[in-house]
Student: 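Pasting a structure here, questions to come.
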Amino acid sequence: MAESSKMKPVFIVIQVCVVVGTLVTMLYLGRPVYWDIMARTGTSMEESRKDLHLGAGSQRSSIRSVWRKPIWQVPIKGSKMPSYKAFVLTKKMVEYRAKNNIIIVTFGNYAFMDFILNWVKHLTDMGVQNLLVGAMDTKLVNSLYWKGIPVFDMGSNMNTNDAGWGTPTFHKMGREKVYLINVLLSFGYELLLCDTDMVWLKDPLPYLARFPAADILSSSDQALPTVPDDRLETWEKVTGALNVGIFHWRPSNVSIRFAQQWNKMLVEDDQIWDQNGFNDLIRMQFGPSVDAESGLVYAFDGTLKLGVLPASIFCSGHTYFVQAQYEQLGLEPYAVHTTFQYAGTAGKRHRLREAKLFYDNPEYYDSQGEL
């Protein structure tokens with residue numbers, strides 16, 4: 001009995017460790033489950049959430065108007081911002097913003113507020129309004145709401161600092177991206193997902209529509225052109241990594257299966273960079289061509305139809321700022337992603353400013369009365 005009583009504190013400590021370990025696991029690895037539940041029950045959860053937190057009638061109409069109103073139309077002065085619960089991503093929210101079953105999405109934290117505004121401005125200047133922005137902290141939710149930008153709260157609870165390439169926070173952002181892809185695909189919409197450090201120069205949707213059989217169309221880090229025109233890259237000649245900063249997904253069974261597998265890979269091994277994981281999975285099988293004309297290739301499990309966007313017009317930092325491939329080939333670029341440069345986020349901002357592709361607030365040019 002004495003021995004048993006001595007062991008009792010040990011068992012208590014073990015039980016406490018198990019409970020704490022379970023909670024930590026749920027916090028860091030259970031998030032995909034949360035997104036999965038949201039994906040399956042989006043509409044019903046939204047309705048019940050409105051009933052619970054917002055009441056009925058005019059309050060519901062006011063929330064719907066947040067998603068339906070034109071971008072840049074700011075809320076009425078003196079009005080009250082809805083509860084943060086109203087900004088949870090739902091299928092109904094995407095339905096309000098999507099056009100022709102396509103939604104364009106970027107995401108980030110408050111550190112990238114100016115990049116996000118720049119991203120939105122370039123799209124809306126082209127008449128593209130079917131977009132949403134995912135906010136990884138509540139300060140960004142608040143700021144974008146009052147700017148008239150359709151924003152949803154990703155529930156990431158991230159701080160507002162610049163993550164910095166390669167940091168643990170940077171890798172967390174990559175995992176959040178994959179969770180987000182899974183939930184958006186489950187809603188049944190085509191998804192054009194982009195990093196905030198890129199700029200749209202031309203409406204990409206007509207180009208993407210040229211490849212209706214594609215499950216995924218991805219940008220790449222390809223440095224040398226494999227085609228002299230605006231066809232997809234010749235997949236056999238692509239040596240650069242596929243870049244997950246710009247890619248288009250159709251909600252096919254195989255693309256959903258791929259996204260789930262990608263998510264599972266990252267959850268099981270927190271050392272894998274999301275882009276490396278994407279490339280490893282997509283190249284499990286690479287070839288043959290889908291047909292003789294489209295430029296698509298069978299990838300992943302041999303059934304996913306992949307296209308590699310031409311790097312001359314869906315540009316990396318190198319093919320746009322350094323090589324100016326689009327000029328050499330006489331093409332019009334659709335996008336530039338500020339990769340292949342130094343000095344972190346400040347360097348990306350500077351690159352865009354040099355190219356006159358960054359919209360700054362007037363105060364940036366205010367010299368305080370001096371030249």
Side-chain angles (χ1 to χ4, degrees), residues 27-43 45-46 67 84 87-98 101-112 115-116 119-120 130-138 140-141 144 149-158 163 169-198 215-219 242-252 255-267 270 272-275 277-278 281 337:
L27 180 63
Y28 289 100
L29 301 184
R31 182 169 171 76
V33 176
Y34 161 78
W35 279 107
D36 185 53
I37 293 169
M38 289 298 296
R40 290 195 309 256
T41 60
T43 303
M45 282 189 71
E46 182 187 68
W67 310 115
Y84 284 115
F87 294 89
V88 172
L89 179 63
T90 63
K91 184 175 181 179
K92 183 64 71 175
M93 184 191 298
V94 178
E95 179 185 314
Y96 290 150
R97 296 304 319 174
N101 209 53
I102 302 173
I103 190 72
I104 309 172
V105 177
T106 194
F107 68 99
N109 68 345
Y110 186 77
F112 288 87
F115 281 89
I116 290 168
W119 183 87
V120 173
N130 51 322
L131 61 89
L132 282 169
V133 177
M136 306 185 86
D137 60 76
T138 54
L140 184 60
V141 175
L144 292 179
I149 307 298
V151 57
F152 63 89
D153 185 358
M154 292 176 65
S156 306
N157 299 315
M158 187 173 287
T169 305
F170 171 85
H171 288 297
K172 181 189 176 187
M173 292 179 77
R175 280 157 170 71
E176 296 278 337
K177 174 195 292 187
V178 182
Y179 306 152
L180 183 58
I181 290 168
N182 274 269
V183 96
L184 288 167
L185 288 179
S186 75
F187 291 161
Y189 291 87
E190 290 185 35
L191 169 65
L192 178 54
L193 188 67
C194 332
D195 288 351
T196 57
D197 62 342
M198 62 80 57
D215 296 300
I216 298 176
L217 294 166
S218 176
S219 62
L242 300 179
N243 190 296
V244 299
I246 306 172
F247 49 4
H248 174 261
W249 298 66
R250 287 194 173 85
S252 62
S255 65
I256 290 172
R257 192 164 65 250
F258 176 86
Q260 291 171 343
Q261 185 89 11
W262 188 18
N263 177 68
K264 182 174 181 289
M265 169 192 280
L266 298 179
V267 168
D270 62 5
I272 298 176
W273 178 26
D274 61 302
Q275 181 165 292
F278 180 89
L281 278 178
H337 187 190

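What you are looking at is a predicted structure, and each value in this text was computed from that prediction instead of being measured. Basis for what follows: all heavy atoms, side chains included, without hydrogens, waters or symmetry-related copies.
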Student: With sequence neighbours excluded, what pairs up with Tyr110 under the ring-ring contact (aromatic ring centres under 6.0 Å, His included) test?
Tutor: none
Student: After noting the C-alpha distance and the side-chain angles of Arg97 and Ile103, does the key distance pass the side chain to side chain contact (heavy atoms under 4.5 Å, CB included) rule?
Tutor: CA-CA 7 Å; Arg97 296 304 319 174; Ile103 190 72; 3.7 Å; yes
Student: Can you tell if the side chain of Asp137 reaches within under 4.5 Å of the side chain of Ser156, non-hydrogen atoms only?
Tutor: no
Student: Would you say that Val105 contacts Leu131 through its side chain, given a criterion of any heavy-atom pair below 4.5 Å between the two side chains?
Tutor: no
Student: Kindly indicate whether the side chain of Ile181, heavy atoms from C-beta on, has any atom under 4.5 Å from the side chain of Leu193.
Tutor: yes
Student: Hey, are the side chains of Phe152 and Leu180 touching, using non-hydrogen atoms and a 4.5 Å cut-off?
Tutor: yes
Student: Return the set of residues passing side-chain contact (heavy atoms from CB on, under 4.5 Å) with Leu281 (not counting sequence neighbours), or none when no residue passes.
Tutor: Phe258, Gln261, Trp262, Met265, Met284, Phe300
Student: Taking only residues two or more places apart in sequence, or in another chain, which ones meet Ser255 in a side-chain hydrogen bond (donor to acceptor under 3.5 Å, both in side chains)?
Tutor: Ser252
Student: Show the numbers, then the answer: is there a side chain to side chain contact (heavy atoms under 4.5 Å, CB included) between Leu132 and Phe107?
Tutor: CA-CA 8 Å; Leu132 282 169; Phe107 68 99; over 6 Å; no
Student: Side-chain contact test, heavy atoms from C-beta onward, threshold under 4.5 Å: evaluate it for Arg175 versus Asp270 and give yes or no.
Tutor: yes
Student: Could you walk me through whether Leu184 and Leu89 pass the side chain to side chain contact (heavy atoms under 4.5 Å, CB included) test, one step at a time?
Tutor: CA-CA 9 Å; Leu184 288 167; Leu89 179 63; 4.0 Å; yes
Student: Mind listing the closest non-hydrogen atom pair of Ile246 and Met198 along with its distance?
Tutor: CD1-CE, 3.7 Å
Student: Any idea which heavy atoms bring Asp197 and His337 closest together, and the distance?
Tutor: OD1-NE2, 2.9 Å
Student: Using the test side-chain hydrogen bond (donor to acceptor under 3.5 Å, both in side chains), find all partners of Asp195 that sit at least two apart in sequence or belong to another chain.
Tutor: Lys177
Student: Output all residues satisfying ring-ring contact (aromatic ring centres under 6.0 Å, His included) with Phe247, sequence neighbours left out; order by chain, then residue number.
Tutor: Trp249, Phe278
Student: Of the non-hydrogen atoms in Ile256 and Asn182, which two are nearest, and what is the gap between them?
Tutor: O-OD1, 4.5 Å
Student: Taking all non-hydrogen atoms of both residues into account, name the closest pair between Thr138 and Tyr84 and its distance.
Tutor: O-OH, 3.7 Å
Student: How about Glu95 and Tyr189: do any of their side-chain heavy atoms sit closer than 4.5 Å?
Tutor: yes
Student: Is there a side-chain contact between Cys194 and Trp119 (heavy atoms, below 4.5 Å)?
Tutor: yes
Student: Taking all non-hydrogen atoms of both residues into account, name the closest pair between Ala135 and Val141 and its distance.
Tutor: CB-CG2, 3.4 Å
Student: With sequence neighbours left out, write down each residue that passes side-chain contact (heavy atoms from CB on, under 4.5 Å) with Thr196, or none if nothing qualifies.
Tutor: Thr106, Phe112, Phe115, Ile116
